[in-house]
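The block underneath contains the structure these notes are about, expressed in structure tokens.
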Amino acid sequence: MTTYNLVSEETLQSKVERHESLENRLSVSFKNMSFREKKLGCLTIFYELHSIGSSKLPQDITVKIVVYNKKDEIMAVKEHIFRESSFYEFDIVETNIYAVESKNIPQIGKIKIFPTPCQ
């Protein structure tokens with residue numbers, strides 16, 4: 001499989017903003033986040049979601065990933081729902097963000113990842 005890394009993994013890692021207060025409130029933590037451009041024009045984000053202090057989630061949660069450009073404009077949003085009933089200790093996630101074209105990957109200003117309660 002060909003990868004098209006126009007921006008280094010370290011550069012994208014340095015742009016990640018987590019909201020640890022939200023993670024603590026929902027008893028979860030993100031670990032081992034990495035980035036790949038596996039298909040031209042598709043940014044793939046891998047991460048682990050771990051429960052804190054218990055093997056289960058306290059409630060259903062949604063993980064949101066928001067990609068911004070250097071002007072603080074939203075380029076893409078991705079959500080993933082984790083159900084309390086089917087979650088045990090941690091899960092590994094692969095998320096594809098297609099709205100970020102290859103030519104725009106160098107323009108990424110920040111990547112926010114945060115949990116919220118499911119609505």
How long is the gap from [atom1] on [X] to [atom2] on [Y], to the nearest 0.5 Å?
| X | Y | atom1 | atom2 | value |
| --- | --- | --- | --- | --- |
| Lys56 | Ser86 | NZ | OG | 8.0 Å |
| Thr44 | Asn96 | OG1 | CG | 4.0 Å |
| Ser85 | Gln59 | OG | CD | 13.0 Å |
| Ile111 | Lys15 | CD1 | NZ | 8.0 Å |
| Phe90 | Ser51 | CZ | OG | 10.0 Å |
| Leu43 | Ile97 | CG | CD1 | 5.5 Å |

Does Tyr47 form a side chain to side chain contact (heavy atoms under 4.5 Å, CB included) with Ile92? I'd like the steps, not just the answer. CA-CA 6 Å; Tyr47 63 91; Ile92 300 168; over 6 Å; no
Would a 4.5 Å heavy-atom cut-off, applied to side chains only, mark [X] and [Y] as touching?
| X | Y | result |
| --- | --- | --- |
| Arg36 | Ser34 | yes |
| Leu49 | Ile61 | yes |
| Tyr68 | Ile108 | no |
| Phe82 | Asp91 | yes |
| Lys110 | Asp72 | yes |
| Val16 | Phe35 | yes |

Given the rule that I, L, V, M, F, W and Y join up when any side-chain heavy atoms are under 4.5 Å apart, are Val77 and Leu22 in one cluster? yes
Partners of Asp60 by salt bridge (charged side-chain N to carboxylate O under 4.0 Å, His left out), sequence neighbours excluded? Arg83
Could you walk me through whether Ile74 and Val67 pass side chain to side chain contact (heavy atoms under 4.5 Å, CB included), step by step? CA-CA 6 Å; Ile74 295 173; Val67 180; over 6 Å; no
Under 3.5 Å donor-acceptor pairs involving side-chain atoms of residues 23-33, not counting sequence neighbours:
unit_1: Glu23; atom_1: OE1; unit_2: Arg18; atom_2: NH2; d: 2.7
unit_1: Glu23; atom_1: OE2; unit_2: Arg18; atom_2: NE; d: 2.9
unit_1: Glu23; atom_1: OE2; unit_2: Arg18; atom_2: NH2; d: 3.4
unit_1: Asn24; atom_1: ND2; unit_2: Glu20; atom_2: O; d: 3.2
unit_1: Asn32; atom_1: ND2; unit_2: Glu48; atom_2: OE1; d: 3.0
unit_1: Asn32; atom_1: ND2; unit_2: Glu48; atom_2: OE2; d: 3.2

Answer yes or no for Lys64 and Phe114: cation-pi contact, defined as NZ/CZ to six-membered ring centre under 6.0 Å and angle to ring axis within 45°. no
